[in-house]
Student: 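The structure's right below; bear with me while I get my questions together.
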Amino acid sequence: MQKIRNYINGELVEPIGGKYIDNINPSIGEVYSLIPDSDNNDVELAVKAAKAAFTQWSTMSINDRAKIMEAIANLIDRDLEKLAMAESIDNGKPLKLARRVDIPRASANMRFYASGIQHFASESHQADENFINYTTRRPIGVAGCISPWNLPLYLFTWKIAPALAAGNTVVAKPSEITPMTAYLFSELCIEAGLPKGVLNIVHGLGGKAGQALVEHKDVPIISFTGGTTTGKSIAATAAPMFKKLSLELGGKNPNVIFADCDFEKALSTTVHSSFSNQGQICLCGSRIFVERPIYEKFVSAFVDKVKKLTIADPLNEASKVGALVSKSHMEKVISYIKLAKEEGGTIMTGGNRAKLEDRCANGYFLEPTVITDLPHDCRTNQEEIFGPVVTIMPFDTQEEVIEYANSTAYGLSATIWTENLKKAHNVAHEIKSGIIWVNCWLVRDLRTPFGGMKQSGVGREGGWEALRFFTEPKNVCISLT
Ligand code: NDP
């Protein structure tokens, strides 16, 4: 059975304790590889290597850093098919999606920050003839980057690319549920000639390897993407140590659909934004609010379309809905469907585990589920489910839907559907989310700030925001007289 190894000080190594965890292919429900069950000793080695590599990497010219990152991006592109296949097997997502979105976006992340750092500049301020200020933005040291399982290589590179480009060295911990592409990535780093110790990847459990990384005294900056509960515990550890912290957390995103929308576009994009990656994208909309005059028509057309989504083996090119990432996650999602029924919801379609044939007979497949007749403030509509489950609710006025949209503890993203420009602006202004899409969804421009309000996170990733996060500003004031 394939053994994934840690990437420490430029080498692929076994965990010091010699222990491994099972890595399960969720489409078939079977163990297919082993992951290091790393602990604080492995983290210690990785931090030591990263610390030792910092001087060389942070003083290397930005052009040279960028060249190595470009080389890694090129290798990701070369291995597109292999990486997409690995992501699909590890995560359960349709191969087609991994090939079209996850892997190309991973190389785009590396390339974007390789180029971005060459345009990154700091400021100079002069108020009068007597003094001039200039600001330097220097790398901080060893950055700890912790990423989730839903978009494994995509979100892993989204963190390490700006961290490395800015001149930090990194110790990263990918989710133990989906470690494979991070492992393959470490092989590409070696091939590209990334100097040893610049990036270190420690695999293992969040509460053990992840916690050791967050607690480490020589890791002054932590970038985390994952659930809000984990984010809280990381903040509780990191804050008293005065670590710089970026938290990208959960969401419960509203889709606001007005009667004057482009109906067909709103309909097909909302199906997509509800069930892409089995609803396991932090930006998926899970609460659909539809203006009363088109409510019945929308529900009926939406349910028709959802019924036609092909649930199949993720490696099958026709698959639109793959497996959920793990058995425990599937059980959590099913428990929310049960809760929705208890709360008085009507299951319009789905609601059950999908039974596939052949090799996927024991996979963690769930029917895309659409629920109506629930109030906006019930638990089903307030808590993050993070699976192929959406609710649809009617609304009568703009004020009412803004109140519904803002009624959760989260504030990550929202979509608004209307052909009325003024209404779109006003509602976008009122919704308390970090990312708003009007008449579109998941359109990414890597320069824009990415992140959430309220319990969806602290800080922003993307563009200059990430490069500012991964650097420490210092202002120097000089007397000219
Ligand atoms: P988790 O919070 O369970 O885990 C995220 C990462 O943190 C994993 O690598 C995990 O390791 C690790 N971890 C867990 N506990 C600790 C700890 N105490 N100290 C340090 N690290 C720890 O999230 P999921 O992986 O379940 O991801 C799904 C969540 O991520 C959803 O809530 C989703 O909304 C959110 N998300 C947010 C995004 C955003 O940009 N705002 C984007 C994508 C997802 P392990 O896997 O071993 O537990």
Side-chain angles (χ1 to χ4, degrees), residues 1-26 30-54 86 89-91 141-149 152-153 156 159-160 163 169-190 194-227 229-230 233-234 236-238 241 243 325-329:
M1 185 156 312
Q2 184 182 8
K3 265 187 183 171
I4 285 173
R5 282 173 290 166
N6 288 332
Y7 173 47
I8 297 178
N9 205 23
E11 286 176 17
L12 299 172
V13 295
E14 309 256 341
I16 295 170
K19 288 198 197 132
Y20 284 84
I21 315 162
D22 290 342
N23 187 22
I24 294 169
N25 173 342
E30 283 174 19
V31 178
Y32 82 104
S33 65
L34 297 173
I35 320 155
D37 182 8
S38 308
D39 58 24
N40 56 328
N41 294 318
D42 302 285
V43 170
E44 186 61 44
L45 262 194
V47 173
K48 215 168 149 194
K51 227 177 139 184
F54 180 69
I89 292 170
D90 215 21
N91 174 279
V142 179
C145 296
I146 302 175
S147 50
W149 49 257
L153 190 62
F156 180 79
K159 292 190 177 309
I160 64 166
T169 54
V170 171
V171 177
K173 199 211 76 73
S175 170
E176 125 264 348
I177 302 166
T178 53
M180 188 56 84
T181 48
Y183 174 59
L184 297 175
F185 183 86
S186 55
E187 293 182 335
L188 299 183
C189 290
I190 295 170
L194 185 70
K196 63 177 191 175
V198 170
L199 172 66
N200 304 272
I201 304 175
V202 180
H203 295 275
L205 299 168
K208 202 162 154 186
Q211 183 69 23
L213 181 57
V214 176
E215 280 173 3
H216 202 291
K217 65 176 182 17
D218 293 331
V219 180
I221 176 164
I222 303 285
S223 173
F224 169 80
T225 298
T229 309
T230 316
S233 115
I234 287 177
T237 305
M241 299 175 83
K243 297 193 178 205
V325 75
S326 67
K327 186 158 182 267
S328 64
H329 187 59

Student: What residues form a salt bridge (Lys or Arg N to Asp or Glu O under 4.0 Å) with Asp22, not counting sequence neighbours?
Tutor: none
Student: Under a plain distance cut-off of 3.5 Å, with no hydrogens placed, do Lys159 and Thr225 share a side-chain donor-acceptor pair?
Tutor: yes
Student: Determine the minimum heavy-atom distance between Lys217 and Met241, stating which atoms define it.
Tutor: CA-CE, 4.0 Å
Student: So Tyr7 and Leu194, do their side chains get closer than 4.5 Å, heavy atoms only?
Tutor: yes
Student: Report yes if the side chains of Pro26 and Ser326 come closer than 4.5 Å at any heavy-atom pair, otherwise no.
Tutor: no
Student: Salt bridge (Lys or Arg N to Asp or Glu O under 4.0 Å): which pairs involve residues 40-49, sequence neighbours left out?
Tutor: none
Student: Run the side chain to side chain contact (heavy atoms under 4.5 Å, CB included) test on Asn91 and Trp149 for me, step by step, so that the C-alpha distance in whole Å, both residues' side-chain angles and the decisive distance to 0.1 Å come before the verdict.
Tutor: CA-CA 7 Å; Asn91 174 279; Trp149 49 257; 4.2 Å; yes
Student: To the nearest 0.5 Å, tell me how far Ser38 OG sits from Leu213 CG.
Tutor: 11.0 Å
Student: Identify the two heavy atoms, one from Val47 and one from Val142, that lie closest to each other, and give their separation to 0.1 Å.
Tutor: O-CG2, 4.3 Å
Student: Any side-chain heavy atom of Thr181 sitting closer than 4.5 Å to one from Asp90?
Tutor: no
Student: Considering non-hydrogen atoms only, spot the tightest contact between Ala46 and Val202 and give its length.
Tutor: CB-CG2, 3.6 Å
Student: With heavy-atom distances below 4.5 Å as the criterion, would you say the side chains of Tyr32 and Met180 are in contact?
Tutor: yes
Student: Going by side chain to side chain contact (heavy atoms under 4.5 Å, CB included), Ser186 matches just one of Leu12, Ile8, Ile4, Asn200. Which one?
Tutor: Leu12
Student: Are the side chains of Val219 and Val171 in contact, using a 4.5 Å heavy-atom criterion?
Tutor: no
Student: How far apart are the closest heavy atoms of Pro174 and Ala172, and which atoms are they?
Tutor: CD-O, 3.8 Å
Student: Taking the side chain as everything from C-beta on, heavy atoms only, tell me whether Phe224 gets closer than 4.5 Å to Val214.
Tutor: no
Student: Looking at side-chain heavy atoms only, is the closest gap between His203 and Asn6 below 4.5 Å?
Tutor: yes
Student: Quick one: pull up CD1 in Ile146 and CD1 in Ile234 and give me the separation to the nearest 0.5 Å.
Tutor: 4.5 Å
Student: To the nearest 0.5 Å, what is the distance between CG (Leu34) and NZ (Lys3)?
Tutor: 7.0 Å
Student: Can you tell me how far the CD1 atom of Ile201 sits from the CZ atom of Phe156, to the nearest 0.5 Å?
Tutor: 3.5 Å
Student: Rounded to the nearest 0.5 Å, what separates atom CG in Asp39 from atom NZ in Lys19?
Tutor: 7.0 Å
Student: Going by salt bridge (Lys or Arg N to Asp or Glu O under 4.0 Å), name the pairs with one or both residues in residues 195-209, residues two or more places apart or in two chains.
Tutor: Asp37-Lys208
Student: Looking at side-chain heavy atoms only, is the closest gap between Glu187 and Ile190 below 4.5 Å?
Tutor: no
Student: Please report the closest heavy-atom contact between His216 and Val43, naming both atoms and the distance.
Tutor: CD2-CG1, 4.4 Å
Student: Closest heavy-atom contact between Gly204 and Ile21?
Tutor: CA-CD1, 4.3 Å
Student: If only atom types and distance count, is the side chain of Ser233 paired as donor or acceptor with the main-chain N or O of Thr229 below 3.5 Å?
Tutor: no
Student: In Å and rounded to the nearest 0.5 Å, what is the CD1 to OG1 distance from Ile160 to Thr169?
Tutor: 12.0 Å
